[in-house]
Amino acid sequence: MSFIDELEWRGLVHQTTHDDLGARLESELFTLYCGFDPTADSLHIGHLLPLMGLARFQRAGHRPIALMGGATGMIGDPSFKSAERSLITLEEVKRNVEGIEQQLRRLLSFEGDNAAIVVNNYDWLCQLSLVDFLRDVGKHFSVNAMMAKDAIRTRLEDRDHGISFTEFSYPLLQSYDFLHLFNTYGCRLQIGGSDQWGNIVAGMDLTRRMGVDAATYALTFPLLTKSDGTKFGKTEGGNVWLDPEKTSPYQFYQFWLNQADADTPRYLRSFTFLSKEEIEALDESVTTAPEKREAQHRLAEEVTRIVHGDEALDAAVKATKAMFGGDLAGLDDAALLDIFSDVPSSEHSRSELAGDTLLLDALVEHGLFKSKGEARRMIQSGGLYLNNERVAIDLKLTEASLCSEGIAVIRKGKKHYHLMKFQ
RNA sequence: GGUGGGCUGCCCGAGUGGCUAAAGGGGGCGGGCUGUAAACCCGCUGGCUUACGCCUACGUUGGUUCGAAUCCAACGCCCACCA
């Protein structure tokens, strides 16, 4: 199977500019790039598809460039956005670039002939003089053509929101990036989400008009969807981040583990490097033994390993087993703290274990419940557990309430844990 | 600037003097079923209280009344139409 056929099979190809791109990718080694806008200090799983896209090209022998939009991030891409974006400060952009660069480095290889390159367009865009830019670059853009593009037409038609000159100029900057990377690294292919098509094609036009004597190419990925129509990548807690401080590896693992049967086969293709044979076997298991959720387990395992590494995956799996396997007996303080490392906790005095403190009162006092009434309702409806055993309304704290030397594990409902630490 | 309509609990929305802590829906939370799923079923969803009950709450402030989300006045904000 050729590389492009594999991409097609994985459902990763939305549009390409040339039908012969696939053949060329077999016979020549490309330098290609994908841009990432530093609008936050971490990437989220929406960025994972293009990022892994770069990694796939690298595995096929091509040389990937990850471009940080240090300059373009300060302008804001208007493509398919309904409203003008607020500007972020230079300091914010710098901090965001640093955070994101770390994450890029995890997924790409920086060794060998086709070692990945990380660049920041701030380094060249900020040196341009306005007049030179307008003469040399701006001259090649037709405002008529820009206004006709889908990606910004809605903004032009919407009188309430409109579009500023700043955002309108964005495609020029991204186009210039492509030109710059061609001149500096011989970069001939740009990849990105389907919303980037217009910007990428604009860059190709610019290289041609600037007299570049080589074909440049575009490849876009399809938009990720969910079978139930809700937005991919969001949970109750908001975005799923790649930064372990923002979304713990445990939460990350759980996110993938909880994907719907209907979506999992597609995600296995898009987000893992597993082989066609293995993925097709997993497809089969979704149909024949959905209750085993073999495909979801494999998906969660693979993606967590790719993003967070073996060690974090191991901890996430261990925590999952303890929380959903149910048995906490025999674990000591250290093991509990390890397993429940991203669970909130409260500090308590040993005197509360004397036998005259109601568990309910202790929980309210330490803020686990907003009010006593709420706590009572929770217990009365059978939703509160101490060390995985359902508690009664009049339960008092004693030494027997402890799970280990000094820790009691509280659970609200199925998934909400809390540690009480006694000292 | 004029005229009309509106502002109710996390959100939407009914209520137009006492039966209203306020219908109904959504969301959230809990329980059941299950695969840590979907669908479905049940319960809870202002605070204190074991409970009787008390307190707080229908844009803001003041008034009428035995009694106000509901009537009156002023103010604030939002929307529509006119200028």
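Chain A is the first sequence line, chain B the second, and so forth, proteins listed ahead of strands; every chain is numbered from 1. Being a predicted model, the structure only gives us computed values, none of them experimental.
Every residue two or more places apart in sequence or in another chain that forms a side-chain contact (heavy atoms from CB on, under 4.5 Å) with K226(A) is listed here: D228(A), T230(A), F232(A), D263(A), Y267(A). Take H44(A) and apply the ring pair (Phe, Tyr, Trp, His ring centres under 6.0 Å) test, not counting sequence neighbours, and it matches H47(A), W241(A). With sequence neighbours excluded, no residue forms a salt bridge (Lys or Arg N to Asp or Glu O under 4.0 Å) with R63(A). Partners of D205(A) according to the side-chain hydrogen bond (donor to acceptor under 3.5 Å, both in side chains) rule, which considers only residues two or more places apart in sequence or in another chain, are R208(A). Scanning for side-chain hydrogen bond (donor to acceptor under 3.5 Å, both in side chains) contacts around D5(A) gives S2(A), with sequence neighbours left out.
Cation-pi contact between R59(A) and F273(A): present, with separation from the ring centre below 6.0 Å and deviation from the ring axis of at most 45°.
Between Y253(A) and L384(A), the one whose closest nucleotide on RNA chain B sits nearer the 5' end is L384(A).
Residue pairs meeting the side chain to side chain donor-acceptor pair (under 3.5 Å) criterion with at least one partner in residues 100-112 of chain A, sequence neighbours excluded, are S42(A)-Q103(A), E101(A)-R105(A).
Put simply, Y385(A) has a side-chain N or O that comes within less than 4.0 Å of OP1 or OP2 on rG31(B).
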Pair up each side-chain donor or acceptor in residues 374-382 of chain A with any protein partner under 3.5 Å, not counting sequence neighbours, and list the distances.
{"residue": "E374(A)", "atom": "OE1", "partner": "K370(A)", "partner atom": "NZ", "Å": "3.4"}
{"residue": "S381(A)", "atom": "OG", "partner": "R377(A)", "partner atom": "O", "Å": "3.0"}
{"residue": "S381(A)", "atom": "OG", "partner": "M378(A)", "partner atom": "O", "Å": "3.1"}

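Near RNA chain B, meaning a heavy atom under 4.0 Å from it, residues 300-316 of chain A has no residue at all.
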* Which letters describe nucleotides 37-52 of chain B, given B = protein heavy atom under 4.0 Å from base, S = only from sugar-phosphate, - = neither? -> S------SS-SSSS--

